[in-house]
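Both ligands and their constituent atoms are indexed starting at 1 by order of listing.
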Amino acid sequence: MSASPYGSQPAADTRRKPVTTATIAAMHQRGERIAMLTAYDATFAAVANAAGVDAILVGDSLGMVCQGSTYTVSVSLESMAYHTQCVAKGLARADGAALIIADLPFGAYRQSREQAIASAIALMQAGAQMVKLEGGGWAIEVVAFLVERGIPVCGHLGLTPQTVSALGGYRVQGRENEAAHRLRSDALALQQAGASMAAFEMIPAALARDITEEMTACPTIGIGAGSGTAGQVLVMHDMLGMNLGRMPKFVKNFMQETGDIREAFAAYVQAVKQGVFPDNAQHAW
Ligand code: KIV
């Protein structure tokens with residue numbers, strides 16, 4: 001470190017380090033909660049990044065919030081790649097940036113492992129550093145296949161929006177014993193397959209907490225899964241109170257308290273880090 005010509009100490013380097021998969025693993029090991037938000041364009045991604053989110057998910061929820069669809073199944077790989085590029089450009093100018101995770105959409109990984117790897121490569125080339133895919137069972141093999149080929153993967157269990165028709169609607173998963181056992185064994189299999197993260201959507205808080213305790217090598221990210229997961233994710237529009245439909249119980253409107261988008265993002269990050277969001281009495285089952 002060179003001395004200042006004016007005799008004072010050089011200012012401490014307060015720049016944020018880029019968040020990598022290794023950063024996420026280290027956060028998990030030291031018990032620091034992971035704050036994730038969705039974003040779909042350059043500006044919101046940059047603002048969320050500046051607020052300190054650890055990871056930005058380019059979710060296929062863009063089918064609803066950007067494209068006006070009722071479900072995520074219609075989202076194409078091309079749309080995912082386009083929005084991933086937009087987010088990556090928004091973060092490119094940032095001094096230290098959040099990890100970018102992109103969803104593999106419904107029609108892009110179910111046919112074969114070859115289809116899955118080609119789709120994952122397209123998203124990584126668009127700027128993602130990790131891909132997310134939904135499902136246990138058959139999907140675990142796909143996760144292992146991608147991980148072996150150097151593609152970090154986030155799994156997604158519980159309420160999997162891409163198969164909401166098969167699940168019979170947006171309802172809490174894993175309530176009955178058998179379903180809870182299946183969820184636990186899928187989660188442990190994801191960890192075994194080398195997944196870097198596992199999202200748990202709409203499952204009972206106690207189940208999410210118990211599985212999280214067993215997932216020592218794979219942080220769990222909850223959405224409607226209570227406060228016992230290693231991190232949290234919300235759809236940006238929901239936490240800003242811009243949901244056009246019914247607001248899910250697990251969402252908190254962070255805009256209401258602050259009236260400012262930057263402050264709402266920062267309040268979310270702080271609430272996740274401090275473990276005060278979600279409040280199990282209000283936002284969990
Ligand atoms: O698409 C998305 O935004 C997601 C989150 C709900 C986890 O998958």
Side-chain angles (χ1 to χ4, degrees), residues 24 34-41 44-45 48 53-77 79-84 86-87 98-109 119-120 123 128 130-136 139 143 153-164 167 169-173 183 187 190 195-203 208 218-226 229-240 242-252 265 268 272 277-278 283-284:
I24 296 288
I34 299 156
M36 190 190 295
L37 263 185
T38 68
Y40 317 94
D41 68 24
F44 277 107
V53 299
D54 300 305
I56 290 181
L57 172 65
V58 188
D60 61 358
S61 49
L62 70 83
M64 279 94 131
V65 299
C66 301
Q67 299 175 336
S69 303
T70 311
Y71 302 108
T72 58
V73 287
S74 58
V75 176
S76 66
L77 182 64
S79 294
M80 288 308 307
Y82 169 75
H83 286 275
T84 302
C86 295
V87 165
L99 186 83
I100 302 175
I101 305 170
D103 263 338
L104 280 167
F106 178 70
Y109 62 100
S119 302
L123 295 184
M130 187 180 295
V131 299
K132 179 163 81 57
L133 61 87
E134 297 183 6
V143 172
V153 180
C154 175
H156 186 151
L157 300 173
L159 188 285
T160 43
Q162 293 175 1
T163 49
V164 73
L167 295 174
Y170 289 95
R171 43 177 75 144
V172 182
Q173 302 295 307
L183 229 150
L190 270 180
S196 298
M197 291 189 197
F200 287 172
E201 182 163 354
M202 286 181 72
I203 69 172
C218 175
T220 59
I221 307 293
I223 172 163
T229 49
Q232 299 290 331
V233 61
L234 281 179
V235 170
M236 177 188 77
H237 294 64
D238 288 350
M239 57 80 77
L240 293 177
M242 294 196 293
N243 184 319
L244 299 177
R246 225 184 56 203
M247 193 66 93
K249 172 185 158 125
F250 58 77
V251 174
K252 177 175 172 188
F265 286 169
Y268 167 73
V272 171
F277 175 79
H283 310 111

**Message:** Evaluate T38 for polar contact with ligand 1, using N/O atom pairs at a separation under 3.5 Å.
**Reply:** no
**Item:** Sub-4.0 Å atoms of ligand 1 with respect to non-hydrogen atoms of G59
**Value:** 1 (O), 2 (C), 3 (O)
**Prompt:** Quick check: does D103 get an N/O under 3.5 Å from an N/O on ligand 1?
**Reply:** yes
**Message:** Looking at every heavy atom in both I56 and A48, which two are closest together, and how far apart are they?
**Reply:** CD1-CB, 4.3 Å
**Prompt:** Between Y40 and H83, how do the two ring planes meet: parallel, tilted or perpendicular, split at 30° and 60°?
**Reply:** perpendicular
**Prompt:** Does OH belonging to Y71 count more than 12 external heavy atoms closer than 6.0 Å?
**Reply:** no
**Least distance between heavy atoms, I24 atom then I34 atom** = CG2-CD1, 3.9 Å
**Request:** Give the residue, atom name and distance (to 0.1 Å) of the protein heavy atom nearest atom 2 (C) of ligand 1.
**Result:** S61 OG, 3.3 Å
**Request:** Please say whether E201 places an N or O atom under 3.5 Å from an N or O atom belonging to ligand 1.
**Result:** no
**Asked** Are any of the side-chain heavy atoms of P248 and M202 separated by less than 4.5 Å?
**Response** no
**Prompt:** To which protein heavy atom is atom 8 (O) of ligand 1 closest, and what is the distance rounded to 0.1 Å?
**Reply:** K132 NZ, 2.8 Å
**Request:** State, to 0.1 Å, how close S196 and M130 come at their nearest heavy-atom pair, and which atoms those are.
**Result:** CB-CE, 3.5 Å
**Asked** Is it the side chain (CB and beyond), the backbone, both or neither of I223 that lies under 4.0 Å from ligand 1, heavy atoms counted?
**Response** side chain
**Asked** Which atoms of ligand 1 have any heavy atom of H156 under 4.0 Å away?
**Response** 7 (C), 8 (O)
**Asked** Is the backbone of G226 close enough, under 3.5 Å, to the side chain of Q232 for a donor and an acceptor to pair up by distance?
**Response** yes
**Message:** With respect to E134, determine whether any N or O atom, backbone or side chain, lies less than 3.5 Å from an N or O atom of ligand 1.
**Reply:** no
**Message:** Taking 4.0 Å as the limit for heavy-atom contacts, which would you say applies to L57 with ligand 1: side chain only, backbone only, both, or neither?
**Reply:** side chain
